[in-house]
Each structure stands twice: as C-alpha cells, then as structure tokens.
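In what follows, a structure is listed as structure tokens, so that the remarks can point back to it.
Atoms within a ligand are numbered from 1 in the order they appear, just like the ligands themselves.
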Amino acid sequence: MVLIDAHVVASQTQVEADVCIVGAGAAGLALARELGANRRCQVVILASGGLQPDPATQALYDVETVGHPLRMEQGYVSRNRYFGGSTNTWGGRCIPLNTIDFEARDWVADSGWPLDRSALEGFYRQAAKALKLPAYRYFSPNAWQAKRLGAQFQSLDREGLAPEVALMGTSPIKMGQVYHRSLAADPNLRVYLQANVTELEPNPDGTTVERLHVATLAGHRFQVKARVYVLACGGWENARLLLASSRHSPQGLGNPYDVVGRYYMEHPKIWLGRIYPRSNLLRWPAVLDYARIPGGYGQLGLRLSDTQQRESQVLNHYLQLAPGFPAGLPEARQTWQWVCSRAKRLRLHQIRPQDVRQVAPHLGQISEYFLCRTFNWPVSYPHIDILNHFEQAPNRDSRVTLGQNHDALGNRRLHVDLRITRQEKESLITLHRLVGERLARLGLGDLETPDLDPEELWPGLTDASHHMGTTRMGLNPRRSVVDPNGLVHGVSNLYITGSSVFPTGGHANPTLTLVALALRLAHHLQAAVLPAMDQPVVVLGKSTPSTAATPPIFPN
Ligand SMILES: Cc1cc2nc3c(=O)[nH]c(=O)nc-3n(C[C@H](O)[C@H](O)[C@H](O)COP(=O)(O)OP(=O)(O)OC[C@H]3O[C@@H](n4cnc5c(N)ncnc54)[C@H](O)[C@@H]3O)c2cc1C
C-alpha cells in the first residue's frame, strides 16, 4: 500500500485505477482488504481526512436536521470523517440480522430483501473474523452457559420468546489502525488521504460514470478514472454524493424515480420498563452483564421469535436486558475497579479518601457481585432495566435531501428528516405486553412498563448513529437504488456498499452486516466483473504516468 497526501497531486491530474473506492471506513477498508488478497487489480481508495481527526474535515459532515430529534443536536458525534471512519468511535456491538428481516412481511410496507439470510451466512462468518469478534458460534445463546442455561432457553422458545446474543471483541476494533498493517502489504493499493470526492461525473445519459472529482480543503482539485467505482462513504454520505452529482440530471445520479435519500431508517432506542426477576435464569451475571467469553464479551437480550412476530404482526424490536443495581452501586463498582488497579500497580498514594467513602457502603454487594461473576452464581440485583432497540419500517417520507447551506468545498449540506411512526411505537407496546405475560407464565419475572401513548413524543427516545436505507437494495428501480450486488440501477460501473443499501434494518447493529455485504461485493467483483473486463486500466506492477508524478509521502 502507498499512502499519498492528496495535496501533492498536481491539480487537474487524472489518477487511474481498476477499482476506485470512495471512503476508508468499515465497508471501504473491508472491501479493499479482500480485493487485495486476490492481487488481480489496482485499487485506489479516496479517503477524506488524514490518519487523525481534524475539525475542518469533520465540519464537512455537518447537517441540517428536522423531524425526530437526533442526539447529534446535543453535540453527540454521529460519524467520524477520517481514516477508519466511524469505527474510530463506535461501540463494537455486533449481531447478525434475523431470518425474518430478509422476508417480505405483509404488515411492513416495502419490506423484503432481494436475497435471503443464507446468501450472507458465509460472509457473516468472515466479517466476524474481520471485526475481531469472539467465535461466531457464540451468537447462539446455547453455545455459552450451555449446560446450565440451555434447558431454560428452550422454555423461552416454547413461549415465542427468542433469546439473542450481541458480541463484542475485547475492545471495539478501530479499522483504520488495525487494517493499516495488513493493507500495507498490498502493492496494488494506493490510498489518497485528504481526498474529498465532490461529484461523480457520468456520461450525458447517466449510464456510466466517466470520472470522479476530488477536492482538498487547501483547494487542490483532480480527477480519478476507474473501471469500477464503489461508494463506501457511510449511510448518509452515499446518498449525498448521488444527489450532488446532478450535472446531467437535476435529481442526481441513479435517481430517475426519486428514491435516493428516501427510506432512511435508524435504530431508535430508549430505556423503558423494568423486570423484577423471580427466577435464577434472570439473575445470572454472565447472561446479562457483558459476559466474558473467549475473545471478548457476549450480552443477552430478548425479542419475539419470527413465528410469534408473524402471528402478532409486529416489527422486530429487541429488549437489551441490563442488571439494575441499587442507586450508587454501579459508580461504586467503577471506583472499586479503579482503586484495585492503583493497588495492583503499588500506587496506593493515589487513592483519595472520597474514593474509599464512595466504595465503603457498597463493599458487601461489590464483593458479592465479583464473586458471583467469577463462579457464575446468581447475583441478587433487585431488578433488570430494559434498553429497547427498535426496528423501523421502511418509510418514503423519512429521508435525507440536499439542504440550502453549503460546506467549505461548496457542496450542499445534508438535510436529515428522521420519522418515527405510530406503528413502531405500537410494536414496542405489544412486545412489552407479550413478554410480560410470558415471563409471568414461566415464573421467570414480572415486567413493569409505564403507560405509553404512541401518538406522543417519548422523551429519551433517541437514534443510535446507525444510518440505513438511503440507497436501498431491490429488484424494482422504482422502489430501490441498487441491485442485489450493490450495482446502481441503470449505471453500468457504479456500486454502493454500506448500511445505506439495507432495505430493512431489523434491530441489529449494522456494522457486521455491512462488512459482510462489502466482502460479498469483493467476491462478486473478483468472480464476475473484473475478469470480464478485457484490458485492465492499469498495467499491474507498473505505475501510471499520473501517479509517477505524485510521490508517496508515507511509504510503508
Ligand atoms: C458513537 C458510535 C457508536 C457506534 N456503535 C456501533 C456499534 O456498537 N455497533 C455497530 O454495528 N455500529 C455502531 N456504530 C455505527 C458504525 O460505526 C457504522 O455502522 C460503520 O462505521 C459504518 O461503516 P461505513 O464504512 O459505511 O462508514 P464509515 O465507517 O463512517 O466510513 C465512511 C468513510 O468515508 C469517508 N468519506 C465520507 N465522505 C467522503 C467523501 N466525500 N470523499 C471521500 N471520503 C469520504 C469518511 O472519512 C470515512 O472514512 C456506531 C457509530 C457511532 C458514531
């Protein structure tokens, strides 16, 4: 790999490649790494920002918002515009989509993927490795705690409740840092940093992309010509670039039916409801509280089984179960861990009297907690708090468009209008009712939920920085933007990868699925697209005239 600062590329140069990937986040880097393993083509990544964050580049991501309030309005950073993308700050929590997420459901308008879960299975396993998650089999709840908990999980199954595990690695992988080393070994990869793509220029009838226009914040401008282009700029930005590429048609590129930017979905979430456990199943610390397993952590929640969802005609919402400790205990537990780490490093003098005062009243419960965790005994926490994760139904009116204000490169900012509907809130109310009835019937616990009005704004209901659906996948160009391989309908050489292509998003955090899709796209390009191209645009092993003029500044 050669890292090139785009500022050293002479203005008006045309850089050439076989495959040009726009964006160096989870999707772009996974795709480049997989293409590199094959070594048959020259790949260029155009990456906004450098190896570290900088405020001027980050400001290119500023948006205007209307609709449901987003947490970025309170200063929350919802995406990161530099090498590694949003994996620089993500939480690392991963779950595959469920089988029902891929199905067309008659109670969910515009639902259904043009492929089923089995088409992704192998890529999910590869993606889990790429994201450095624990072994894939741990996604099955029965794989851990099998002897002790297996039978009890089966009783949940019989009642239409599906326990489901989220996995995290030992720490959330920052793909820019972790992949830097493996990408460095790829001689056919060039990464241009500080390279902001501002426009995709197609031929006049919009059927082929001719070149990309790139700008740096310092005012350099150049172009990139490739055989195949892949947008991997994240769930909002993929749509923004298509909409901004309006030189030949005012509605943008790949948008003859006004679908680009529509169907924007999130995973709204809210702390709501409390379970008072009656059974040990709901007391095991290793089930609920980020259980340590080889290679990372697992964390359990509940949703309705696919069969039950079909019967009750609800969306695929999910209840994350978190131990509810008495007030003050979680903070005291944290202080206790800090005190222990000081003691271990013989830095006892750093421990302050107020730390001891905070911990002392809770010492009994803290030691009980750690003992139970170590030996997997039930913990006596009084209740379980519920973090509710929503699935959103695809909705044409929930959308991103181009706003009136411009960024520092002269491009129109995004205007984000997230809608949360009555159907989505009603599904949560139904889920709580059914889970409550069934937990009580099984003698596991009592669920308490406040009265909720689906017409009202629920305070605390917020987004999760998961941007999905704005360039959705499908077979019908009137209702979708890309085909099942990610190829933009009607444009012969432009692919999109990332959560913007999800037709529905289930409740699952999106990154595992979007990395699986990026790996699937690499497979498709290698198997079906690149070999069919007669002459590579670049002769392998030789530098093109355009890149010879732009010496690498960070050779590896
Ligand atoms: C705080 C936070 C917590 C999260 N937690 C989780 C979690 O626990 N689990 C989970 O699954 N997901 C989580 N996510 C979401 C996750 O980070 C994203 O799903 C994932 O990073 C998306 O990958 P991507 O490659 O599509 O986009 P990104 O990772 O955002 O990468 C996009 C890349 O494109 C570049 N780019 C953008 N525009 C241009 C342009 N015009 N020209 C050139 N380059 C451009 C950017 O610089 C960036 O490098 C979280 C996100 C945030 C912000």
Nearest-neighbour protein heavy atom for atom 48 (C) of ligand 1, which is reported as residue plus atom name and distance: G85 CA, 3.6 Å

N196 neighbourhood, listing ligand 1 atoms whose heavy-atom distance to it stays under 4.0 Å: 42 (N)

Residue part near ligand 1, for R81, under 4.0 Å between non-hydrogen atoms: both

Option of least heavy-atom distance to atom 18 (C) of ligand 1 (set: T497, N80, T511): T511

Nearest-neighbour protein heavy atom for atom 23 (O) of ligand 1, which is reported as residue plus atom name and distance: A26 CB, 3.5 Å

Nearest neighbour in protein (non-hydrogen) for atom 53 (C) of ligand 1: S78 O, 3.2 Å

Identity and separation of the nearest protein heavy atom to atom 44 (N) of ligand 1: S48 N, 3.1 Å

Between H317 and E391, a side-chain donor and acceptor under 3.5 Å: no

Pair R33-S182, side-chain donor/acceptor within less than 3.5 Å: yes

Ring centers of H389, H267 separated by less than 6.0 Å: no

Sequence neighbours excluded - salt bridge (charged side-chain N to carboxylate O under 4.0 Å, His left out) pairs with any residue from residues 240-251: E199-R247, E201-R247, E237-R240, R240-D407

Salt bridge D417-R262, side-chain N to carboxylate O under 4.0 Å: no

Residue selection (non-hydrogen contact nearest atom 32 (C) of ligand 1) among P53, C233, S86: C233

Side-chain touch Y229/L200, heavy atoms, less than 4.5 angstrom: no

Modelled atom types, side-chain donor and acceptor of Y82 and Q194, under 3.5 Å: no

Ligand 1 contact by C94, heavy-atom criterion under 4.0 angstrom: no

Contact check, T57 vs ligand 1, heavy-atom distance below 4.0 Å: no

From the candidates A195, S500, A27, the one that places a heavy atom nearest atom 43 (C) of ligand 1: A195

Residues in side-chain contact (heavy atoms from CB on, under 4.5 Å) contact with Q58, at least two apart in sequence or another chain: Y61, V77, R81

Y76 touching ligand 1 at heavy-atom level, < 4.0 angstrom: yes

Any N/O pair T89/ligand 1 closer than 3.5 Å: no

Heteroatom proximity flag, S499 to ligand 1, N/O under 3.5 Å: no

Ligand 1 versus L60: contacting region, heavy-atom distance under 4.0 Å: neither

Between T65 and E73, a side-chain donor and acceptor under 3.5 Å: yes

